[in-house]
S.K.: 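Can you keep this structure in mind? I'll have questions shortly.
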Amino acid sequence: MLASVAVSMSVACRGKVRSVVSLSRRLSTNQPGSPERTNHAPPESRFTLPDMEPAAVEDRSRRRWKDPSGCSVFLFPGQGSQFVGMGRGLLKYPNVKEMFEVAQKILGYDLLSLCLEGPEEELMKTVHCQPAVFVTSLAAVERLNKENPKAIETCVAAAGFSVGEFAALVFSGSMNFAEALYAVKVRAEAMQKASDLVPSGMLSVIGRPQAQYKYACLQAKEHCKSLGIEEPVCSVANYLFPDGRVIAGHQQALDFLQQNSRRLQFTRTKLLPVSGAFHTELMAAATEPLRDVLRQVEVRRPEINVYSNVDGKRYMNESHVCRQLVKQVVSPVKWEQTLHEIYERTQGESFPHTYEVGPGKQLGATLLKCNRKAFMTYAHVKVTTYEEE
């Protein structure tokens with residue numbers, strides 16, 4: 001599919017998608033006659049990329065963390081933040097329309113129309129919402145670059161929640177926009193297929209201080225075994241904030257947790273509108289397609305600190321990025337731990353400015369619960385028009 005659009009993309013987009021969004025040197029497409037990219041293409045079939053003009057951005061690798069109050073941190077949202085109408089407030093900014101044009105060619109459908117007009121049930125599907133959140137988040141960087149370029153230039157760290165990690169890596173210069181979008185496409189399709197294999201889901205849980213989440217999951221798995229389910233899955237999939245978790249697994253396990261929430265010391269439970277048990281063993285079938293596509297794309301060492309969902313630690317090199325992105329699919333998102341890693345500082349030291357770049361304000365709400373002082377310099381980059389807010 002990508003081979004068939006290589007010529008038009010290289011002509012139409014040359015010199016356009018070259019913004020601060022990605023620090024991108026190239027726009028990734030196949031050259032005419034090169035093999036099509038598939039989930040299982042061997043590494044030797046890696047495509048050649050047409051050169052793009054480099055972004056005129058200061059080399060972040062030379063920066064030093066001096067006064068944190070003069071620096072910025074970017075947080076990129078994940079699946080679940082999407083909503084119909086997102087992106088409407090971004091179209092007037094440089095490069096955004098071109099980004100959506102590139103996305104249409106890579107994805108094979110009109111992503112911009114889906115973001116702006118829905119239908120909602122289509123936007124909510126894993127295969128659509130992951131690319132939608134990814135592109136909209138990077139488009140929001142363009143708005144920030146136009147309205148507050150200093151925030152871009154002083155950014156020293158970034159983190160993304162689940163699929164948001166791909167946006168963080170693109171912004172850091174670790175991956176090219178179009179290549180990363182193709183990897184997100186493959187990831188989303190693989191996760192959707194894995195979800196279709198067994199009824200499963202995700203349950204948002206807020207517990208009392210005495211709640212024991214692992215023990216609750218163990219009880220839920222024992223319940224599933226009593227129903228005849230072999231090797232049931234139920235585990236913490238997201239560590240959000242103190243006493244805030246997302247538990248994922250077989251649907252019967254989640255039903256058990258809801259029915260026994262009071263006994264398990266849960267104060268609130270809510271099923272999330274997702275198609276499967278992301279970040280658990282039930283996503284194992286999605287790892288190989290993602291591993292294959294990451295072998296084909298160019299990955300570089302991030303030029304600013306980017307933190308992995310797997311352990312909350314910053315990426316060290318190219319191979320580390322690829323390993324952790326694959327592992328992330330079946331591992332819990334340690335977001336609370338990531339925030340502690342980013343904002344840990346000695347008493348009295350000031351905090352950087354934090355920007356949530358993309359749809360929704362969930363990451364800001366999480367930051368407030370994890371670190372109230374860091375939240376005092378938080379701002380959200382809007383993806384709609386001011387009239388809609």
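These numbers come from a predicted model, not from an experiment.
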S.K.: What are the two closest non-hydrogen atoms of Lys146 and Pro149, and how far apart are they?
M.R.: O-CD, 4.1 Å

S.K.: Give a yes or no on whether Ile229 and Leu282 share a hydrophobic cluster (residues Ile, Leu, Val, Met, Phe, Trp, Tyr; joining criterion: side-chain heavy atoms under 4.5 Å apart).
M.R.: no

S.K.: Work out which heavy atom in Thr280 is nearest to a heavy atom in Ala277; give both atom names and the distance.
M.R.: OG1-O, 2.7 Å

S.K.: Please determine whether the number of non-hydrogen atoms from other residues, nucleotides or ligands lying under 6.0 Å from atom CZ of Arg372 exceeds 12.
M.R.: no

S.K.: Under 3.5 Å, side chain of Glu165 to main-chain N/O of Ser308, donor-acceptor pair present?
M.R.: no

S.K.: Decide yes or no on side chain to side chain contact (heavy atoms under 4.5 Å, CB included) for Glu298 and Met175, but give the supporting numbers first.
M.R.: CA-CA 6 Å; Glu298 181 182 3; Met175 302 177 77; over 6 Å; no

S.K.: What do the steps show when you test Trp335 against Phe161 for ring-ring contact (aromatic ring centres under 6.0 Å, His included), and what is the final call?
M.R.: CA-CA 7 Å; Trp335 190 250; Phe161 194 100; 5.5 Å; yes

S.K.: Using modelled atom types only, decide if a donor and an acceptor are shared between the side chain of His250 and the backbone of Ser200 within a distance under 3.5 Å.
M.R.: no

S.K.: Distance under 6.0 Å and angle within 45° of the ring axis: does Arg314 meet both against Tyr307?
M.R.: no

S.K.: Under 4.0 Å between a Lys/Arg side-chain N and an Asp/Glu carboxylate O for Glu356 and Lys361?
M.R.: no

S.K.: Run the side chain to side chain contact (heavy atoms under 4.5 Å, CB included) test on Leu294 and Val326 for me, step by step, so that the C-alpha distance in whole Å, both residues' side-chain angles and the decisive distance to 0.1 Å come before the verdict.
M.R.: CA-CA 9 Å; Leu294 288 174; Val326 173; 3.9 Å; yes

S.K.: Assess whether a salt bridge exists between Lys97 and Glu101, defined as any Lys/Arg side-chain N lying under 4.0 Å from an Asp/Glu carboxylate O.
M.R.: no

S.K.: Output yes when a side-chain donor or acceptor of Asn309 lies under 3.5 Å from a complementary backbone atom of Gly160, and no otherwise.
M.R.: yes

S.K.: Indicate yes or no: does Lys185 engage Glu189 in a salt bridge with an N to O separation below 4.0 Å.
M.R.: yes

S.K.: Is it the case that Arg345 places NZ or CZ above or below the six-membered ring of Phe351, under 6.0 angstrom from the centre and within 45 degrees of the axis?
M.R.: yes

S.K.: Do we see a donor-acceptor contact under 3.5 Å between the side chains of Tyr93 and Asn145?
M.R.: no

S.K.: For the residue pair Gln296 / Tyr182, report whether a side-chain donor-acceptor contact shorter than 3.5 Å exists.
M.R.: no

S.K.: For Gln328 and Arg187, does a side-chain donor sit closer than 3.5 Å to a side-chain acceptor?
M.R.: yes

S.K.: I'd like to know if Leu264 and Leu271 are part of one continuous hydrophobic network [Ile/Leu/Val/Met/Phe/Trp/Tyr, side-chain heavy atoms within less than 4.5 Å].
M.R.: yes

S.K.: Decide whether Phe375 and Val381 are clustered together by the hydrophobic rule: side chain heavy atoms of Ile, Leu, Val, Met, Phe, Trp, Tyr closer than 4.5 Å, transitively.
M.R.: yes

S.K.: Linking I/L/V/M/F/W/Y whenever their side-chain heavy atoms sit closer than 4.5 Å, directly or via other members, would Phe100 and Val127 fall into one cluster?
M.R.: no

S.K.: Parallel, tilted or perpendicular, judged at 30° and 60°: which one describes the rings of Phe76 and Phe171?
M.R.: tilted

S.K.: Just do the salt bridge (charged side-chain N to carboxylate O under 4.0 Å, His left out) check on Lys334 and Glu336 with the steps written out, would you?
M.R.: CA-CA 6 Å; Lys334 294 186 175 177; Glu336 180 182 355; over 6 Å; no

S.K.: Verify the distance criterion only: is there a donor paired with an acceptor across the side chains of His279 and Ser162 at less than 3.5 Å?
M.R.: yes

S.K.: Is Lys150 salt-bridged to Glu153, going by a charged N under 4.0 Å from an acidic O?
M.R.: no

S.K.: Determine whether more than 12 heavy atoms belonging to other residues, nucleotides or ligands lie under 6.0 Å from atom CD of Gln210.
M.R.: yes

S.K.: Between Thr377 (side chain) and Ala374 (backbone), is there a donor-acceptor pair under 3.5 Å?
M.R.: yes

S.K.: With a 4.0 Å cut-off on N to O distance, would you call Asp292 and Arg295 a salt bridge?
M.R.: yes

S.K.: Give a yes or no on whether Val306 and Val170 share a hydrophobic cluster (residues Ile, Leu, Val, Met, Phe, Trp, Tyr; joining criterion: side-chain heavy atoms under 4.5 Å apart).
M.R.: yes

S.K.: Determine whether Leu257 and Thr269 make a side-chain contact, defined as any pair of heavy atoms from C-beta on separated by less than 4.5 Å.
M.R.: no

S.K.: Under 3.5 Å, side-chain donor or acceptor atoms of residues 106-125 against the rest of the protein: list the pairs with distances, not counting sequence neighbours.
M.R.:
residue, atom, partner, partner atom, Å
Asp110, OD1, Leu112, N, 3.3
Asp110, OD1, Ser113, N, 3.1
Glu122, OE2, Lys125, NZ, 2.8

S.K.: Could you check Leu169 against Tyr315 for side chain to side chain contact (heavy atoms under 4.5 Å, CB included), going step by step and ending with a plain yes or no?
M.R.: CA-CA 10 Å; Leu169 287 165; Tyr315 284 113; 4.0 Å; yes

